[in-house]
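Here's the structure we're looking at; comments come further down.
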Number of protein chains: 2
Amino acid sequence: MAATLRDVARLAEVSIKTVSNVIHDHPNVRDETRARVQSAIEELDYQPNMSARGLRSGRTGAIGLAIPSIRENYFAELADAVIEAADLHGVSVLVSQTNGLREAELDVLSGRRLRLTDGLLFSPASLGQDDRDLLNVRFPLVLLGERMFDGPTDHVTMLNIEAATAAVEHLISRGRRRIALLGVDAERLDEAGSANLRAAGYQLALQQAGIAYDPALVVGPAHWDHDDAAEATRALIRSGAPFDAVFAMNDTLAVGALRALAEARFRVPEDIAIIGFDDIEATRFSIPSLSSVDPGRSQIARLAVERLLHRIEEKNDRQPPQRFTTDFTIVARESTDHPAERSVDG
Amino acid sequence: MAATLRDVARLAEVSIKTVSNVIHDHPNVRDETRARVQSAIEELDYQPNMSARGLRSGRTGAIGLAIPSIRENYFAELADAVIEAADLHGVSVLVSQTNGLREAELDVLSGRRLRLTDGLLFSPASLGQDDRDLLNVRFPLVLLGERMFDGPTDHVTMLNIEAATAAVEHLISRGRRRIALLGVDAERLDEAGSANLRAAGYQLALQQAGIAYDPALVVGPAHWDHDDAAEATRALIRSGAPFDAVFAMNDTLAVGALRALAEARFRVPEDIAIIGFDDIEATRFSIPSLSSVDPGRSQIARLAVERLLHRIEEKNDRQPPQRFTTDFTIVARESTDHPAERSVDG
DNA sequence: GTGAAAGCGCTAACAC
DNA sequence: GTGTTAGCGCTTTCAC
């Protein structure tokens, strides 16, 4: 059986309060006593019972991270950054996957799903702007991503529009004019999430460069996975609409596009330049390597963890919700490292 | 403030014991009483305090998963499978990353790192056969991977030797004879871990096919990442040793090799066939797609979670440690979909 | 079928 | 500086 405070106190011949004082580095313990307690702790290999501490203090020392799927590289890298950041504060991370299902996301918000936690970092994939009120929960919550805005909680998000504009400007700076947008149907530009923001950034960049917007170059899929991206790119190629660059709304899409372009014997970047979004590791190891937008993931994670821990600390004097944005960077790699051979005007 | 059992009991006008009986689906509660309690629970949105339950019952309802890094695709997919499997049992998963550091792995085993858990799934990357005794811990532990064998705990592992043999046989069946082994230095074949087992499988397959073993075709890196894999492959190419196939000890290495081969203008699979190991998602989206060995990851996860929960359940009548192996499959994709154009004999 | 009460291990207010 | 003690919310034994 594991040792308790009582056992340590008995061995060190002090009261449990003194042991507790030693553990919590409280003052008012004589050095000699402290040493005696310390050695008792070591002798018994005493480890505090976190359930008891949690019951008493109302804190578990763990936070929840609810994301669509840890298999998606972006979220794996985000989870890594969150776990690292939490570690620095001595906090553990419980990971819950929603698979993007509304039911699962509601479960998460109900608190039914993650019960040992002091608070939650939540990156929704199904809930949208209309569900904002559901974020009024009884536990500290920090929202991630770009599906809901102006909700009742702190929110950490990237500068989607600005970053997308910069990505498209990067393509334009390489002499590209017929820039396809991969990741959203032209008819659904007004829906929630990163997609429409990035699409807005795309349109803005075109406009600023005096390039006409062509809906024929805007293709799905709604699901951002390799397969659908490859299929959408094939459809774009079949459509016959000429294009000399692709702005993929994330790197997974970009990798799928790369695959479809290779099948169709397009050269990247000579014939088609590509830039993705998220700067996941895969960008560095595709052939060719993929240019991308680094959204400042570790900054997002650090900020989010710090805000959440802050909210957990704060008692009743609750501050109004705040929104935080992170810095982005364009990372130029091989897939855009070539000026257009001839400019194709629309 | 969150509602407690007491609040529910008061509202339903019963004792807390009756509420507890309802919650735990115990018999001996009249239907009418049960209904009254149920509606009180709903009215108050009562949710059991897991710390209190944990303190009382000695169970937290969470398990730990300690892996090197969630960013590595293999571990992300393993974590996904573990979380899914745990979910089926109503158990949460705390993820801890060791980054392959010995210190961190010792921390994990000391129990200092994951304290809210009932048990641990541990996939070591630094600890090896000599550290077997360290696995004698006070909490339920299930070991994953192939760095330690015959330890004092349950162990779930893949059939590395057999699977590696099958992978190499797959290359041989395509007429390949000069098969490079990527992932271990020829001088270090005897060290711990998956590497030497897979190397043994490689040697076995060659032997059975009557192909001479050539240490010049066995190249590092010790770190299984894209960069080092690409570099090792470049070195192999520079060495001038002729080869017509690569068996990469995991898919990450295979992707790195693919990159180096493309740079050197080798065609895959026409000039060089490649097979990897782990069957991560990236295999399906590389160009060409990568053949691989599917190690039965979800089976590993399910087995591991079930064994761990079983160990958590069992009282003092502890069974001896058991070892479990999973089924593997060779998944043939484009990278091996071509018979050798001419056989190069060694 | 239901209730009363002890106690899991810890924290912290209070006493000395 | 150190000790005593109440009580966090729950489970469970035992009584009725």
Side-chain angles (χ1 to χ4, degrees), chain A residues 1-38 40-41 44-62 90 111 115-118 138-139 312-313 315, chain B residues 1-38 40-41 44-62 90 111 115-118 138-139 312-313 315:
Chain A
M1 207 42 223
T4 74
L5 262 193
R6 221 186 198 78
D7 299 328
V8 176
R10 194 151 33 209
L11 182 62
E13 296 180 305
V14 296
S15 79
I16 59 173
K17 170 63 176 157
T18 302
V19 180
S20 174
N21 281 342
V22 170
I23 290 169
H24 293 93
D25 268 333
H26 282 206
N28 298 355
V29 183
R30 241 181 311 176
D31 284 354
E32 185 222 338
T33 317
R34 184 183 301 278
R36 213 165 64 237
V37 170
Q38 286 289 11
I41 287 176
L44 297 172
D45 190 17
Y46 167 75
Q47 293 181 4
N49 177 317
M50 300 312 275
S51 288
R53 181 177 285 179
L55 173 58
R56 185 61 238 220
S57 66
R59 298 282 167 73
T60 64
R115 298 134 111 182
L116 279 164
T117 54
D118 296 329
R138 289 188 314 207
F139 46 87
I312 291 170
E313 291 301 322
K315 306 274 151 88
Chain B
M1 205 43 222
T4 74
L5 261 193
R6 219 187 199 78
D7 300 327
V8 176
R10 193 151 34 210
L11 182 62
E13 296 180 304
V14 294
S15 80
I16 58 173
K17 170 61 175 156
T18 301
V19 179
S20 174
N21 281 341
V22 171
I23 289 169
H24 292 93
D25 268 333
H26 281 204
N28 297 356
V29 183
R30 243 180 310 176
D31 284 354
E32 185 222 339
T33 317
R34 185 183 302 278
R36 213 166 64 238
V37 171
Q38 285 290 10
I41 288 176
L44 297 172
D45 190 19
Y46 167 74
Q47 293 181 4
N49 176 316
M50 299 312 277
S51 289
R53 183 177 283 181
L55 174 58
R56 187 59 239 226
S57 67
R59 297 282 166 71
T60 63
R115 296 135 114 181
L116 278 163
T117 54
D118 297 329
R138 290 188 313 206
F139 47 85
I312 291 169
E313 291 301 323
K315 307 276 151 85

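Within every chain, numbering begins at 1; the chains are lettered A, B, ... in the order of the sequence lines, protein sequences first and strands thereafter. When reading the values below, keep in mind they use all heavy atoms of this one structure, side chains included, and skip hydrogens, waters and symmetry mates. Just so it is clear, the model here is predicted, and its values are computed rather than measured.
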What is the separation between atom [atom1] on [X] and atom [atom2] on [N], rounded to the nearest whole Å?
X       : N      : atom1 : atom2 : answer
B:Ile41 : D:dC10 : CD1   : P     : 10 Å
B:His26 : D:dC14 : NE2   : P     : 16 Å
B:Arg10 : D:dG9  : CZ    : C1'   : 13 Å
A:Leu5  : C:dC8  : CG    : P     : 13 Å

Results of side-chain hydrogen bond (donor to acceptor under 3.5 Å, both in side chains) for A:Arg30 - residues two or more places apart only:
none
Suppose we screen for side-chain hydrogen bond (donor to acceptor under 3.5 Å, both in side chains). Which residues come up paired with B:Arg34, at least two apart in sequence or across chains?
none
Polar atoms only, N or O, under 3.5 Å: list the protein pairs with nucleotides 1-3 of chain C and their distances.
from  : atom 1 : to      : atom 2 : distance (Å)
C:dT2 : OP1    : B:Arg30 : NH2    : 3.3
C:dT2 : OP1    : B:Thr33 : OG1    : 2.6
C:dT2 : OP2    : B:Arg30 : N      : 3.0
C:dG3 : OP2    : B:Ser15 : N      : 2.5
C:dG3 : OP2    : B:Ser15 : OG     : 3.1
C:dG3 : OP2    : B:Thr18 : OG1    : 2.9

Any sub-3.5 Å donor-acceptor pair from A:Arg59's side-chain atoms to A:Ile312's backbone N or O?
yes
Would you say the side-chain atoms of B:Thr33 pair up with the backbone N or O of B:Val29, donor to acceptor, closer than 3.5 Å?
no
Find out whether A:Asp45 and B:Arg138 are in side-chain contact, i.e. whether some heavy atom of one side chain is under 4.5 Å from a heavy atom of the other.
yes
Those residues that, when tested against [X], pass side-chain contact (heavy atoms from CB on, under 4.5 Å) (two or more places apart):
X       : result
A:Glu13 : none
A:Asp7  : A:Ala3, A:Thr4, A:Arg10, A:Leu44
A:Asn49 : A:Ser51, A:Ala52, B:Leu55

Tell me whether the side-chain N or O atoms of B:Arg6 pair up with the base of D:dG9 as donor and acceptor below 3.5 Å, since no angle test is needed here.
no
Below 3.5 Å, can you tabulate the donor-acceptor pairs from side chains in residues 16-23 of chain B to any protein atom, sequence neighbours excluded?
from    : atom 1 : to      : atom 2 : distance (Å)
B:Lys17 : NZ     : B:Asn21 : OD1    : 3.0
B:Asn21 : OD1    : B:His26 : ND1    : 3.4

Quick one: bend of the helix from C:dG1-D:dC16 to C:dC16-D:dG1 from 5 pairs per end, to 10°?
40°
Contacts of type salt bridge (charged side-chain N to carboxylate O under 4.0 Å, His left out), residue A:Arg36, not counting sequence neighbours
A:Glu32
Give a yes/no on whether any side-chain N or O of B:Ser20 is located under 4.0 angstrom from OP1 or OP2 of D:dT11.
yes
Over all atoms of both residues, closest heavy-atom pair of B:Gly111 and A:Gln47:
O-OE1, 3.8 Å
Check DNA chain D against residues 44-55 of chain A and give the residues with a non-hydrogen atom under 4.0 Å, in numerical order.
A:Leu55
